[in-house]
Amino acid sequence: MAILEVKHISKKFGDLEVLKDISFNVEVGEVVAIIGPSGSGKSTLLRCVNQLERADSGEINVCGMNMLHTEDGKAQYADKKTLRDIRLKIGLVFQNFNLFPHFSVMQNVIEAPVHVLKQSKAEATAKAQELLKKMGLEAKAKSYPCELSGGQQQRVSIARALALSPDVLFFDEPTSALDPELTGEILKVIKELAQEKMTMVIVTHEMAFARDVANHVIFMDQGYIVEEGTPEEVFGNTQNERTKQFLQRYNGGEPPLA
Amino acid sequence: MDFEAIKKVTLILLEYLPNTLSLFIWTLVFSIPIGMIVTWLKKCRCRPVNWLTDLYILIMRGTPLMLQIIAFHYAIPMIVSSAVSSGKTGGIIPFLQSIMNNEHYMIITLVVAFALNYAAYFAEIFRGGIEAIPKGQYEAAQMLGMTKMQTFFRIVLPQVTKRVIPATANEVIVLVKDTSLANVIAFAEITMKAKQQMNFYSSILPLFIAGIFYFVMNALVTMLFSFIEKKFDYYK
């Protein structure tokens with residue numbers, strides 16, 4: 001079953017077309033990696049799916065609910081309640097973590113379960129403790145974000161997103177603000193989630209990681225999906241000239257790995 | 001001036017300290033909430049409201065508080081007298097007359113002038129605080145399904161409060177000293193009394209004593225604000 005269906009999405013910022021006729025599906029338990037050069041529209045695509053930007057036209061369905069469809073060439077969004085229901089099915093991990101600095105780690109994680117899902121504090125705390133343990137942060141529950149390393153902050157933000165038990169988790173360049181060592185911590189966590197069959201969509205510049213973890217790889221350039229397929233297809237048997245160029249650059253000028 | 005005279009002057013000033021303090025406190029009580037409302041009006045999505053708010057802030061910050069005090073103090077009597085002399089006694093005239101004859105008329109006009117003036121400054125401080133909150137905080141709250149109200153009161157406001165404390169302290173310290181401007185309409189506060197004593201003793205010492213009063217008040221304000229600042233020190 002497709003948990004996310006994106007059909008013919010277009011988006012303009014002024015005269016600049018950032019997304020052109022984008023379509024893809026995400027199946028339950030699948031890990032999709034979106035790669036591509038800066039400015040190719042990867043983040044904008046993620047933000048459109050997450051309702052942080054509005055698409056100009058196209059159709060998006062999440063967990064069988066219609067979020068957006070197009071009538072007479074104009075995007076029609078669902079009613080507020082549906083949009084909210086959809087939002088609660090989706091988690092997003094930001095590049096810059098965006099933790100709430102005035103809340104402790106624990107408060108960050110239980111904020112939405114308590115105030116949005118109206119769970120009891122005890123219930124939310126128990127679940128949060130479990131999540132923090134999984135993230136290797138059980139000792140940091142009382143710390144404030146400013147006392148944590150970037151990698152720890154990003155793990156808190158993953159725990160915060162998971163606290164709402166989303167059906168699909170999105171990552172917007174989750175390691176771009178981190179040094180290589182801390183990047184490793186985060187990739188390990190995402191790998192573990194993949195093993196648990198968490199459905200994930202990851203925008204990333206970590207090619208080796210995308211190749212390793214993703215079931216499906218999408219390469220975007222200038223607002224188009226120019227190539228997609230299994231990691232073996234995209235990395236091993238690259239068809240598109242632009243993809244080849246891009247991957248070569250990532251491999252330090254050497255031809256893409258066969 | 002001998003020691004006895006200094007003591008006498010100090011006691012006189014002490015007697016009028018409550019007037020200075022009540023102007024100070026009432027101004028804060030009204031100007032901070034009005035400032036919040038002005039911030040909100042300035043940030044709302046209605047253009048004409050934004051323009052009016054800009055105009056209000058421009059006038060309040062662009063003209064001397066002393067002139068504003070005089071204008072507010074004499075506006076009502078002038079309206080009433082010109083209305084009465086042209087034979088109009090209906091409408092709001094009786095209401096204005098009743099305000100004018102209120103025993104607290106002077107402090108009322110002072111608080112109105114001070115509160116409207118300080119609200120303009122506070123509004124800009126609060127706006128600066130709100131605009132300093134990164135967009136990512138709103139987006140994170142949105143992704144967690146928080147409502148606009150929850151986002152504002154649980155995420156934005158606590159962080160704004162921390163950010164505006166130093167600038168607010170600045171403004172409150174200036175307000176302590178600005179209460180002395182009330183002497184232009186002969187409001188019996190510390191500076192007005194100190195000037196009288198200065199003339200009486202032909203000495204500058206009463207003004208010096210008044211200075212000490214303001215200094216002590218501001219030392220207390222400064223301590224209070226650094227205490228509050230420390231309370232918010234647990235995060236960056």
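Side chains are part of it too, since the values below use all heavy atoms of this structure and drop only hydrogens, waters and symmetry mates. In what follows, chains carry the letters A, B, and so on, assigned in the order in which the sequence lines appear, proteins first and then strands, with residues in each chain numbered from 1.
Looking at A:Arg87, the atoms closer than 4.5 Å to chain B (heavy atoms on both sides) sit in the backbone and in the side chain alike. Heavy-atom distances place the side chain of A:Phe103, and not its backbone, under 4.5 Å from chain B. Neither the backbone nor the side chain of B:Tyr138 comes within contact range of chain A, judged by heavy atoms closer than 4.5 Å. For A:Leu88, the part lying near chain B is the side chain, with the backbone staying farther off; criterion is any non-hydrogen pair under 4.5 Å. Interface remark: A:Arg160 contributes backbone and side-chain atoms alike to the contact with chain B (heavy atom separation under 4.5 Å). Only the side chain of B:Lys135 comes within contact range of chain A, judged by heavy atoms closer than 4.5 Å. Both the backbone and the side chain of B:Gln142 come within less than 4.5 Å of a heavy atom of chain A. No part of A:Asn96 comes within reach of chain B, as not one of its non-hydrogen atoms sits under 4.5 angstrom from that chain. Both the backbone and the side chain of A:Ile90 come within contact range of chain B, judged by heavy atoms closer than 4.5 Å. Contacts between A:Phe100 and chain B at a heavy-atom distance below 4.5 Å involve backbone atoms as well as side-chain atoms.
Interface summary for chain A: among B:Gln159, B:Gln137, B:Met146, B:Arg154, the most heavy-atom pairs under 4.5 angstrom belong to B:Arg154. Highest contact tally toward chain B, considering only A:Ala163, A:Pro101, A:Pro145, is held by A:Pro101 [criterion: heavy-atom pairs under 4.5 Å]. Considering only heavy-atom pairs separated by less than 4.5 Å from chain A, the leading option among B:Gln150, B:Glu139, B:Lys162 is B:Glu139.
Side-chain atoms of A:His102 never come within 3.5 Å of backbone atoms of B:Phe232 as a donor-acceptor pair (strictly under, hydrogens ignored).
The number of heavy-atom neighbours closer than 6.0 Å to CZ of B:Phe208, taken from other residues, nucleotides and ligands shown, is 12 or below.
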Between B:Met143 and A:Leu52, does the side chain to side chain contact (heavy atoms under 4.5 Å, CB included) criterion hold? Intermediate values first, please. CA-CA 8 Å; B:Met143 283 314 300; A:Leu52 292 175; 4.2 Å; yes
